[in-house]
Amino acid sequence: MRWSQLFIPTLKEDPAAAETASHKLLMRAGYIRPLGSGIYSLLPLAQRVRLKVINIIREEMNAIGGQEFVLPALHPTELWEESGRLGTMGDIMFRLKDRKGSDHVLGVTHEEVFTSIARNALNSYRQLPQIWYQFQTKFRDELRPKSGLLRVREFTMKDSYSFDVDSAGLDKSFDLHKAAYERIFARAGLKFVAVEASSGAMGGSASTEFMVLTDAGEDMVVLCNGCDYAANVEKAVAAVDEYAFGNGQSELEKFPTPGLRTVEQLANFADIGAAKNQIKTLVYSADDQLVLVLLRGDHELNTTKLTDYLAAESLRAADDQEIFSAMGAHAGSLGGVGVKTSAGKIKKVFLDNALKGRRNMVTGANHDDFHYKGVDIERDIEATAWGDFRAVKTGDTCIKCGGTLTIEKSLEIGHIFKLGTRYSTTMDASVLVSSGEKVPIVMGSYGIGVERMMAAAVELSHDKKGIIWPQALSPYDVIVNVINGAEEEALAAGEKLYADLSASGIDVLLDDRAERPGFKFADNDLIGVPLRINIGKKLKDGVVELVERSTGANEDVELQNVVQVLKQKVSGG
RNA sequence: CGGGGCGUAGCGCAGCUUGGUAGCGUGUCCGUUUCGGGUGCGGAAGGCCGGAGGUUCAAAUCCUCUCGCCCCGACCA
């Protein structure tokens with residue numbers, strides 16, 4: 001296409017509302033325009049990138065036997081009542097009524113719709129496995145849309161679903177997807193890590209997230225410096241470090257601690273109270289039931305782990321009143337010693353694994369301004385269950401190799417789940433197996449955010465001048481810039497090159513504008529096409545320049561060789 | 001939903017404290033000039049000052065309400 005005829009509304013200055021690099025640059029370079037909070041129009045350049053992303057995904061999905069569907073975005077509410085997710089996801093769903101007053105929702109994801117098809121049409125194990133996918137607009141009424149395309153209320157998702165007879169089949173479908181996702185992101189030129197993740201509201205047993213490491217993301221991932229261990233902080237586990245017990249007595253003894261309310265204050269009060277020798281006591285309300293969570297004094301609770309462990313629909317910290325009425329003391333003097341789950345308002349007491357076998361610990365006495373020392377956890381505290389509830393922090397020890405863990409900010413671009421029979425059971429999707437028995441279909445669910453992938457690519461690859469697209473995602477393979485767009489000979493050469501390149505399957509953007517060179521270079525750099533041919537003064541010698549956007553490297557190429565050189569660059573790059 | 005910030009020309013902003021004819025930069029249009037990193041000069045068009053109500057002789061400016069956008073937090077695939 002000729003730039004002079006294209007709609008590429010570039011901006012000289014950063015838009016005031018934009019904060020993150022991808023937001024600023026996609027706006028400035030004329031890719032997107034906002035329509036409302038978290039709602040964006042994709043302009044022609046963005047649509048070209050979007051289609052490149054979609055085509056890569058489509059090829060890889062087809063390669064693992066995926067079959068493309070298009071399902072409705074508008075769903076009758078009953079479908080979501082049936083799966084039970086109207087309650088868990090209701091807040092994030094856009095809801096509307098039709099003219100007859102029937103309730104509908106806009107789909108946030110499509111487990112329900114695909115399952116409703118599967119339950120009618122899949123009846124025999126002979127029909128399995130199946131992998132079904134689509135590219136569809138998802139609507140999510142986000143609490144806070146932000147960062148341009150990174151967190152929006154309407155976006156395209158590639159979602160796929162696998163249907164298998166048993167969990168071995170699911171494992172296979174899951175692994176196929178994992179491999180496909182790795183190829184997709186690699187082909188798209190995105191540097192990513194696959195991490196263990198929490199399944200959250202999706203339900204199911206296992207999940208892997210595909211993350212891009214960038215400060216523009218909202219997730220935290222834990223990475224090991226010694227091995228390939230990688231997990232979302234929501235899920236990450238660290239080894240328990242060994243250290244000597246406190247030197248205090250082993251007899252339980254109540255002692256006054258006037259005004260001491262925090263672990264830190266207590267640690268300064270006496271040697272015995274060092275943070276790791278204390279027990280931190282937290283009260284939570286899980287689905288309206290009060291539970292106690294005990295952690296080592298220097299550890300923090302990971303609420304996702306607790307929610308997942310309890311399979312709770314809601315979890316929140318108890319308020320002051322609830323705490324006092326259940327424990328008889330205020331936060332700061334709480335402890336697990338003497339708490340009877342059979343009698344009081346506390347129904348369960350969970351202990352973090354890091355407390356296992358600890359003696360000579362200090363904890364609150366459930367009496368304001370008093371603590372216990374000499375606490376022997378196994379002896380003095382009644383545990384409902386032990387588990388891993390603590391949040392991993394930078395510097396912790398890797399459970400796999402003993403290396404050191406670090407926490408990095410990251411952006412989720414894909415997520416794959418083993419759903420199991422969560423949906424097939426509640427929605428009654430089953431098949432007959434060879435024995436004649438009816439078994440629920442074992443499902444998996446797999447998503448990639450298409451526009452988020454675009455934005456992630458920009459976050460990872462840009463400079464002061466603008467975007468630098470990976471070759472595979474760039475809206476055009478190359479820009480042919482006729483530097484003096486007013487000069488007929490140069491323009492004619494540009495047109496010929498444009499035709500030749502196009503004929504050999506290369507997407508060319510011909511910058512034929514009669515603007516000043518500096519102006520055009522700045523625009524060229526901004527939109528981020530990775531390769532550029534400059535047709536300038538050397539044209540009279542039959543030579544043009546090939547410029548690499550990323551490095552600025554500049555080489556002369558004989559006009560007659562350009563097609564060949566570019567073909568190699570485009571396919572090889 | 002809590003906290004903070006912002007709505008004035010296509011975009012970026014000033015003006016508001018102390019009410020009195022709405023400005024600057026950039027972009028756009030016309031002319032001219034220039035032609036390898038956002039040219040120089042001359043001219044022009046373009047604003048319901050987010051919306052509603054109030055105070056006042058007079059409101060972009062003061063007061064009340066409201067709508068929208070951005071950031072932080074809570075939350076979330």
Side-chain angles (χ1 to χ4, degrees), chain A residues 9-20 23-24 27-30 33-40 85 88-93 107-111 138-148 150-153 155 157-159 197-204 207-211 216-220 232 234 303-304 307 313-317 411-417 419 445-450 452 464-466 481-487 490 511 513-526 532-539 544-545 547 549 552 554:
Chain A
T10 58
L11 265 23
K12 200 165 182 174
E13 290 170 282
D14 282 335
E19 200 79 13
T20 50
H23 190 190
K24 283 183 192 169
M27 288 281 292
R28 272 190 61 201
R33 285 295 181 267
L35 187 62
S37 180
I39 312 176
Y40 285 89
R85 283 211 291 182
T88 50
M89 294 193 104
D91 287 345
I92 210 170
M93 303 187 77
V108 293
T109 171
H110 282 74
E111 279 78 10
K138 310 294 184 191
F139 296 90
R140 297 188 179 181
D141 192 1
E142 291 287 345
L143 253 40
R144 185 153 87 84
K146 57 181 283 199
S147 307
L150 293 182
R151 185 161 213 82
V152 291
R153 298 197 290 175
F155 62 97
M157 178 186 266
K158 184 291 296 180
D159 47 326
S198 163
S199 310
M202 299 293 288
S207 80
T208 298
E209 283 174 328
F210 293 82
M211 312 294 269
E218 307 177 271
D219 285 288
M220 296 292 194
N232 194 304
E234 294 178 344
T303 53
T304 306
T307 308
E313 290 202 356
S314 72
L315 182 78
R316 61 173 175 83
L411 175 68
E412 177 188 349
I413 51 175
H415 200 161
I416 60 180
F417 299 86
L419 295 176
S445 147
Y446 317 87
I448 296 177
V450 173
R452 190 183 270 191
K464 284 186 290 289
K465 296 172 176 175
N481 185 349
V482 180
I483 290 177
N484 187 347
E487 193 182 300
D511 192 348
R513 297 173 298 172
E515 298 287 351
R516 297 187 49 87
F519 178 85
K520 294 175 73 173
F521 290 147
D523 253 3
N524 288 182
D525 289 339
L526 181 59
R532 184 169 83 215
I533 297 289
N534 285 335
I535 298 183
K537 287 171 181 159
K538 294 171 227 165
L539 175 65
V544 295
E545 278 172 359
V547 183
R549 169 66 181 88
N554 192 324

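Below, chains carry the letters A, B, ... as their sequence lines are ordered, and counting in each starts from 1.
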Exercise for review: Calculate, to the nearest 0.5 Å, the distance between atoms CG and CE belonging to A/N232 and A/M220 respectively.
Suggested key: 10.0 Å
Review point. Expressed as a whole number of Å, how far does the C1' atom of B/C49 sit from that of B/A22?
Key: 8 Å
Check your understanding: Please give, in whole Å, the distance from B/G37 C1' to A/R532 CZ?
Key -> 9 Å
Review point. Just how far, in rounded Å, is C1' of B/G37 from CG of A/L526?
Key: 14 Å
**Study point:** Sequence-aligned protein contact record of nucleotides 23-36 of chain B, with B where the base is within under 4.0 Å of a protein heavy atom and S where only the sugar-phosphate is
**Key:** --BSS------BSB
Exercise for review: Please list, chain by chain and in numerical order, all residues satisfying salt bridge (Lys or Arg N to Asp or Glu O under 4.0 Å) with A/K12, sequence neighbours excluded.
Suggested key: none
Exercise for review: Tell me what A/E487 touches on the nucleic acid: a base, only sugar-phosphate, or nothing, going by heavy atoms under 4.0 Å.
Suggested key: nothing
Review point. C1' atom, B/C62 versus B/G19: distance in rounded Å?
Key: 8 Å
Exercise for review: Specify the separation, in whole Å, of atom CZ of A/R151 and atom P of B/A74.
Suggested key: 13 Å
Practice item. Please work out if A/G36 contacts a base, only the sugar-phosphate, or nothing of the nucleic acid, heavy-atom cut-off 4.0 Å. Key: sugar-phosphate
Practice item. Please work out if A/P15 contacts a base, only the sugar-phosphate, or nothing of the nucleic acid, heavy-atom cut-off 4.0 Å. Key: sugar-phosphate
Check your understanding: Which part of the nucleic acid, if any, lies within reach of A/S147 when heavy atoms closer than 4.0 Å are counted: base, sugar-phosphate only, or nothing?
Key -> sugar-phosphate
Exercise for review: Answer with base, sugar-phosphate or nothing: what part of the nucleic acid does A/Y446 contact at a heavy-atom distance below 4.0 Å?
Suggested key: nothing
**Study point:** C1'-based separation of B/C6 from B/C11 [nearest Å]
**Key:** 16 Å
Review point. Which value, in whole Å, describes the distance between the P atoms of nucleotides B/G38 and B/G27?
Key: 12 Å
Review point. How far, in whole Å, is B/G46 from B/G3 if one measures between their C1' atoms?
Key: 39 Å
Point to revise | Who pairs with B/G7 - Watson-Crick or G-U, where each distance is under 3.5 Å | key: B/C67
Exercise for review: Could you tell me whether A/A522 contacts a base, only the sugar-phosphate backbone, or nothing, with contacts defined as non-hydrogen atoms closer than 4.0 Å?
Suggested key: base
Practice item. Indicate yes or no for a side-chain donor-acceptor contact from A/S207 to the backbone of A/A197 under 3.5 Å, with no hydrogens or angles considered. Key: yes
Exercise for review: Evaluate the criterion side-chain contact (heavy atoms from CB on, under 4.5 Å) for residue pair A/R549 and A/K465; output intermediate values, then yes/no.
Suggested key: CA-CA 10 Å; A/R549 169 66 181 88; A/K465 296 172 176 175; 3.6 Å; yes
Check your understanding: With a 4.0 Å cut-off on heavy atoms, is A/R316 in touch with a base, just the backbone sugar-phosphate, or nothing at all?
Key -> nothing
Review point. Expressed as a whole number of Å, how far does the C1' atom of B/G25 sit from that of B/A58?
Key: 31 Å
Just distance, no hydrogens or angles: give the donor-acceptor pairs under 3.5 Å from side chains in residues 514-526 of chain A, sequence neighbours left out.
from	atom 1	to	atom 2	distance (Å)
A/K520	NZ	A/N481	OD1	3.3
A/K520	NZ	A/V482	O	2.6
A/K520	NZ	A/D511	O	3.1
A/K520	NZ	A/R513	O	2.8
A/D523	OD1	A/T10	OG1	3.0
A/D523	OD2	A/R513	NH1	2.9
A/D523	OD2	A/R513	NH2	3.3
A/N524	OD1	A/N481	ND2	2.8
A/N524	ND2	A/D511	OD2	3.0
A/N524	ND2	A/K520	O	3.1
A/D525	OD1	A/R532	NH1	3.1

Exercise for review: Select base, sugar-phosphate, or nothing to describe what A/R28 touches, counting heavy atoms under 4.0 Å on all strands.
Suggested key: base
Point to revise | Rounded P spacing from B/G50 to B/U8 in Å | key: 6 Å
Check your understanding: How about A/K146 and A/H23: does a side-chain donor come under 3.5 Å of a side-chain acceptor?
Key -> no
Point to revise | Distance between P atoms of B/U28 and B/A74 (Å, rounded) | key: 44 Å
**Study point:** Candidate nucleotides B/C70, B/G38, B/C75, ranked by approach to the side chain of A/L143 - the nearest
**Key:** B/C75
Check your understanding: Is any side-chain N or O of A/R144 under 3.5 Å from a base N or O of B/G4, one able to act as donor and the other as acceptor?
Key -> no
Review point. Given B/C71, B/G38, B/C70, which nucleotide is nearest the side-chain atoms of A/A17?
Key: B/C70
Exercise for review: Assess whether one donor atom and one acceptor atom, taken from the side chain of A/D14 and the base of B/G12, lie less than 3.5 Å apart.
Suggested key: no
Study note, to complete from the structure: Taking B/G37, B/C70, B/A77 as options, the one with an atom nearest any side-chain atom of A/D525 is B/G37
Check your understanding: Taking A/R452 for the side chain and A/L150 for the main chain, is one N or O donor matched with an acceptor at less than 3.5 Å?
Key -> yes
**Study point:** Main-chain N/O of A/L11 paired with A/R28 side-chain donor or acceptor, under 3.5 Å
**Key:** yes
